[in-house]
Amino acid sequence: MTDEPGAVRRSPVVRVAADVSSQRADRVCAAARDAATSVPVVRTGPTGVDDLEPLLLATDGGRTALFSDPSPSAVSDLVIEFESDGVPVAAADATVDHDPDASALATPETGALSVGCRRVLEPCGWVDPLEPTDYALRSDERHAGAVANVGIRGRGRGDAREDEPAAEAWELVRETDGEPVVVVNANEPDDRHRADRTLLAGAPIAVLDGVAAVAAYVGAEDAVIYLNEGDEGLERHLRRAVDAAADALSIAPEVVVGPDEYRAGAPTAALEAMEGADRIEPRRQPPTPAEYGLYGRPTIVHTPRTFAQVQRALRDPDSFDADAPDPGTRLVTVTGDVDAPTTVELETTTELAAVRDAVSMTGAFKMACVGGVFGGITADLDVVASEPALAAAGLGTDGVVELLNDGRCPVATAGERARFASLENSGRCVPGREGTKQLTELLRETYRGSFRSDEIRELGRVMSRSSNCRIGACAPRPVLSAMNEFEPEFRVHADGRCPSGTCSENL
């Protein structure tokens, strides 16, 4: 076996892949360990495909058999067979032949695990999340300056450089007086978003390697991982990961938690929460966090997805095309009217329609909301996953595609999101505080017989251009995109009828 860092050297081996909080996976893992006499059993993190987990993987050399959601008794039999007769292929859901020294999850040619690519997701479900030697760590060899020119962009609404070149913030921090600090913003209370949690549960030390690389480049000696206070299992897991990686990495971030509120995940609101502010609201910019961030210090604020892209670039800079409209890959959680949420990784040249192969829908597809709660609503997923293409199509970039079936009403769907914005905005600016209320009321008027299309569009234009926070700026997007796609249904509602037959007046 090779001694290359990142190559998983245990073989034969049984892995049990699932979220760190999965008690069913704990029972499956315990059954495997009770049955094993010579083969090691490793509890790995989530693969991103909830419907398969806990996923048992039996590996020997260059062959892996995959078993989806086995019972503890079946696991005992499989492990006994594995130890006596080799990889139990007959009963497997899939069997994959691969490089014996593979450091990436063995994926079959069909099914959810086959969708997209697994570059950033590569370790998830395959490596021991808390074992540094299972990762191809690179920050001890080079800092982020080595990949500053590959075009890495911020991923997700929690990133202070969302859809913009991350290296510009790195350079600004280097030029700004003060002791810099690096923040991993992972406070996401919306369950639609799974990508950052999948990375932190399945490959936390890869994310920490990206943090260490950026910290070294900007000269930061302090780093913080900011989590949702409701996710106690992930908090414990990350504290263990930080401790496990302490000798392998140059920085050991502090793990802190923030309010379980949507607004608390915005980059500058996250800084306010960490500083102990009584009222959680976004700051006015400029100055940006890179100039005046946590406690007034120059601060880098990225999501786990962005730091994972940094780590990937350190390992393979040639996989990034700096001249591409959106270099790197995009992690997308597919949710909505599906059997189970699934997180996939797409090249930014891949059409979003590919995600439909990763899930099973309940009912016939009608529309999708792309980009989270304030994403754009569309009936067409034939758009590539790059930021310029998504923006041109009026869609969001926040790593979520909700597939909605023919029982859904676009008017009600848009209205629910407008109402959410009216409740969750910080109240700091008039467009966010009053505009979201007016938007919700205008949609209610549609149910009362008055579809005021021009007023809705003008209000949306004003809000998007003048709001201080993303909630106010993005709240019109689901409404306007739904109107563009399904305006006849809005007009029918004004006549007192819902074509889907599912609507009520209670927006």
Side-chain angles (χ1 to χ4, degrees), residues 48 104 115-124 136 138-139 141-174 182 184-185 195-196 198-199 203 206-207 209-218 267 288 290 300-333 343-355 370-372 383-393 395-401:
V115 175
C117 59
R118 292 188 72 88
R119 293 184 180 175
V120 169
L121 286 176
E122 173 180 290
C124 294
R138 289 291 183 265
S139 62
E141 303 170 4
R142 61 187 84 140
H143 54 56
V147 296
N149 64 346
V150 303
I152 294 170
R153 293 173 181 263
R155 296 289 193 229
R157 77 173 182 100
D159 198 297
R161 296 294 298 174
E162 181 185 14
D163 297 324
E164 298 177 340
E168 292 181 6
W170 305 346
E171 296 302 330
L172 186 54
V173 166
R174 285 163 59 89
V182 175
V184 184
N185 186 4
D196 285 331
T198 296
L199 287 172
V207 175
D209 195 33
V211 173
V214 173
Y217 185 50
V218 302
T288 67
I300 296 295
V301 184
H302 289 322
T303 60
R305 279 170 280 176
T306 305
F307 285 114
Q309 292 275 345
V310 172
Q311 207 268 345
R312 174 69 196 187
L314 291 173
R315 289 188 289 130
D316 186 10
D318 292 339
S319 65
F320 287 75
D321 179 3
D323 295 326
D326 191 352
T329 59
R330 186 174 297 279
L331 269 64
V332 176
T333 299
T343 297
V344 300
E345 184 173 358
L346 300 179
E347 302 276 6
T348 55
T349 54
T350 299
E351 290 186 346
L352 291 179
V355 306
V370 178
V383 55
V384 298
S386 70
E387 185 276 333
L390 293 170
L395 306 177
T397 61
D398 200 13
V400 178
V401 175

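All residue numbers refer to positions in the sequence shown, counting from 1. In this text the structure is predicted, and so the values were computed from the model without any measurement.
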Using side chain to side chain contact (heavy atoms under 4.5 Å, CB included), reason through Leu346 and Val384 one step at a time and then give a plain yes or no.
CA-CA 9 Å; Leu346 300 179; Val384 298; over 6 Å; no

Let's go through Asp159 and His302 carefully: what are the C-alpha distance in whole Å and the side-chain angles of both, what is the deciding distance for side chain to side chain contact (heavy atoms under 4.5 Å, CB included) to 0.1 Å, and is it a yes or a no?
CA-CA 4 Å; Asp159 198 297; His302 289 322; 3.0 Å; yes

Would you check, one step at a time, whether the test side chain to side chain contact (heavy atoms under 4.5 Å, CB included) holds for Arg142 with Tyr217?
CA-CA 9 Å; Arg142 61 187 84 140; Tyr217 185 50; over 6 Å; no

Verdict with supporting geometry, Phe307 and Val184, side chain to side chain contact (heavy atoms under 4.5 Å, CB included):
CA-CA 8 Å; Phe307 285 114; Val184 184; 3.7 Å; yes

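Using a cut-off of 4.0 Å between Lys/Arg side-chain N and Asp/Glu carboxylate O, Arg161 and Glu168 are scored as salt-bridged. Taking a cutoff of 4.0 Å between a charged side-chain nitrogen and a carboxylate oxygen, Asp196 and Arg305 qualify as a salt bridge. A salt bridge is defined here as a Lys NZ or Arg NE, NH1 or NH2 lying under 4.0 Å from an Asp or Glu carboxylate O, and Asp326 with Arg155 meets this definition.
The distance from the CG atom of Leu314 to the NE2 atom of His143 is 10.0 Å, given to the nearest 0.5 Å. Here the OG1-CG distance, from Thr348 to Asp321, works out to 8.5 Å after rounding to the nearest 0.5 Å. The distance from atom CD of Glu345 to atom CG of Leu331, rounded to the nearest 0.5 Å, is 5.0 Å. Note that CZ of Arg330 and CD of Glu387 are 7.5 Å apart. Values are rounded to the nearest 0.5 Å. In this structure, CG on Leu121 lies 6.0 Å from CG on Leu199, to the nearest 0.5 angstrom. Interatomic distance, Glu141 CD to Asp209 CG, rounded to the nearest 0.5 Å: 9.0 Å.
The shortest heavy-atom contact between Ala213 and Ser139 is N-CB, 3.7 Å. Taking every heavy atom of both residues into account, Ala144 and Val310 meet most closely at CB-CG1, 4.5 Å. Nearest approach of Gly158 to Val301, heavy atoms of both residues: O-CG1, 3.7 Å. When all heavy atoms of Val207 and Ala308 are compared, the closest pair comes out as CG2-CB, 4.5 Å. Here the closest heavy-atom approach between residue Ala322 and residue Asn149 is recorded as CB-O, 3.3 Å. Considering all non-hydrogen atoms of both residues, Leu172 and Ala290 come closest at CD2-CB, 3.8 Å.
If you check the side chains of Gln311 and Arg315, you find a donor sitting under 3.5 Å from an acceptor. Inspection of the Glu162 and Thr306 side chains reveals no N or O donor paired with an N or O acceptor under 3.5 Å.
Looking at Gln309, its side chain never comes within 3.5 Å of a backbone N or O of Arg153 through a donor-acceptor pair.
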